[in-house]
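Notes to accompany the following structure.
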Number of protein chains: 2
Amino acid sequence: MAGLFKVAAEAEEDGGLLSDRIRNALTDEIASGALVAGSALEEQQLADRFGASRTPVREALRQLVVSGLVEVRGRRGVVVARMTPERIMDMFETSAEVEAMCVRLATYRMTPLERSRLIELHEGSRAMVEASDVDAYDAFNRVFHECIYSATHNSFMAEQAQDVRARLSAFRRTQLRQGDRIRKSRDEHDAIMQAIAEGDGETASRRMRAHMLNAAAALRRYIEDRVRSVQSPEPDDV
Amino acid sequence: MAGLFKVAAEAEEDGGLLSDRIRNALTDEIASGALVAGSALEEQQLADRFGASRTPVREALRQLVVSGLVEVRGRRGVVVARMTPERIMDMFETSAEVEAMCVRLATYRMTPLERSRLIELHEGSRAMVEASDVDAYDAFNRVFHECIYSATHNSFMAEQAQDVRARLSAFRRTQLRQGDRIRKSRDEHDAIMQAIAEGDGETASRRMRAHMLNAAAALRRYIEDRVRSVQSPEPDDV
DNA sequence: TTATGGGTTTACGTATACACTAATTGACAT
DNA sequence: ATGTCAATTAGTGTATACGTAAACCCATAA
């Protein structure tokens, strides 16, 4: 999983490997929700869409299987990973624990430069909250957490955290639109920053965990509201 | 990463997919150290070895790339992932934090049945220490930690922990042969079990982290001893 | 002796063809 | 009308073939 987004982070070079381009495209479409969970991914159909043969499509799908974004169903092809509400909550809880783990180490190890960079980012987010700019805050949020990852000075841990976070990106944005979640999110960031400034990694860790779990709870409320209004379609079942 | 060992955990059925069998075989060979880091993996050569064509071999290699066990080098094929000592220590530290995270949740959530199962396992390890049976203790150790993973009652977290642990399996066994590491390892397990029995997840977590970092330190000493005696070969470089 | 250039070769990346499994559909019997 | 069985078909899994790019080697010149 470590390398899943390494290539995606590189340029959009069309000269890259076809199988990698297909993998990145599918990754984006799944993470963004353009490909809904449970929908079948047919090899020839994807090959036609990307103007390629089945070979690179197959390799892309196999990589997505390992990264957990799609699931194989025997010989019946692959489907976009079906996330049950329980599994989504499990992933959010894991993400909360991982973030808590990272911020604890980061607090003890970050350089003054990294600290000032984080403070600068945090200050900049105030305007986004005032403007209720969800997209801007979502982008800031991503950078904010990535800065904490790298401040652990443990590249492997940073990759792991990044992977977990990436797999939740499809849900995070919807969560931010819930009520005044943005404002609360920034307040929680503020409390975390305070603990970091005091060099109290344990407190920063606890606050980060609570912060992430609050985000998960906001998402849960959001989902339950939608389930109440729309009957769940159950697009594909055994 | 999540699904990396899901298939490996299944039976050794030869009827399974050829690409999966190849992937599992290569995974085992890399994890066990049979394939040393830095060695090139040629597609046709592997195809001949497994009596298959290049197609399933390529798919297996692509999956190993995502799981981080091998690295691509432009068009020059893939090589077994080159682990620098720094990266290995990063992985051990991450593993330590992940284990600490798991045992904390597990302490709060495990059922009486899971607790008694863990106690039973721990008791059984005493005889292995007395007999200095490294292989048996290594196998026990794996089950012991997996029980803690599942006791988190968070399947996603359990998978993540399992993946991190699996990627270190090649080093863990050598580490156990260092001095009287086995006896100390069991003593540390004992302290962890005590905290679990008292329902003190925070203490269990701290002790687990220390336990894992001790294992990493033992490995480091072991590696440094070997580096001192043998000049590092540097089998393949840029 | 060393550096550079071109030719050769090897191996990857992709396309296409074939095999085989399993899902689907239709017919027939109950 | 419904259930079951067989035939068809659609789609995956694997093999093979082809194009291309990079590495290697050797010859030649400075």
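Chain naming here is simple, since letters A, B, ... match the order of the sequence lines and numbering starts at 1 in each.
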Checklist entry - In whole angstroms, how far is the P atom of C/dA15 from the CG atom of A/D48? => result 11 Å
Checklist entry - Can we say A/E99 and A/R165 salt-bridge, meaning some charged N sits less than 4.0 Å from an Asp/Glu carboxylate O? => result yes
Checklist entry - Salt-bridged, B/E71 to B/R87, with N to O below 4.0 Å? => result no
Next on the checklist: Quick one, A/L18 and A/F50 - any side-chain contact, counting heavy atoms below 4.5 Å?
Outcome noted: no
Next on the checklist: Run the side chain to side chain contact (heavy atoms under 4.5 Å, CB included) test against A/A100 and tell me which residues pass, sequence neighbours left out.
Outcome noted: A/S205, A/R209
Item to check | Pairs touching residues 139-157 of chain A that satisfy salt bridge (charged side-chain N to carboxylate O under 4.0 Å, His left out), sequence neighbours left out | outcome: A/R142-A/E146
Item to check | Smallest separation among heavy atoms of B/L213 and B/A96, with atom names | outcome: CD2-CB, 3.8 Å
Next on the checklist: So, using side chain to side chain donor-acceptor pair (under 3.5 Å) as the criterion, who are the partners of B/N141 when residues are at least two apart?
Outcome noted: B/H145, B/H189
Checklist entry - Would A/Y149 and A/E159 count as having a side-chain donor-acceptor pair, cut-off 3.5 Å? => result no
Checklist entry - Taking 5' to 3' order, which nucleotide of DNA chain D is first and which is last to have an atom within less than 4.0 Å of a heavy atom in chain B? => result D/dG13 to D/dA23
Checklist outcome for this item: Contact check, residues 53-60 of chain A vs DNA chain D, heavy-atom distance under 4.0 Å, returns A/R54, A/R58
Checklist outcome for this item: In this structure, CG of B/L41 is separated from CD of B/E29 (nearest 0.5 Å) by 9.0 Å
Item to check | Spatial distance of atom CD1 (A/I148) from atom CE (A/M208) [nearest 0.5 Å] | outcome: 3.5 Å
Item to check | Gap between atoms CD and P, on B/Q45 and C/dT10 respectively (whole Å) | outcome: 14 Å
Nucleotides 22-24 of chain C: which of its N/O atoms have a protein N/O under 3.5 Å away?
| unit_1 | atom_1 | unit_2 | atom_2 | d |
| --- | --- | --- | --- | --- |
| C/dA23 | OP1 | A/R76 | NH1 | 2.6 |

Item to check | Atom-to-atom span, CG of A/L61 to P of C/dT14 - whole angstrom | outcome: 14 Å
Next on the checklist: Tell me the interatomic distance from A/E43, atom CD, to C/dA15, atom P, rounded to whole angstroms.
Outcome noted: 14 Å
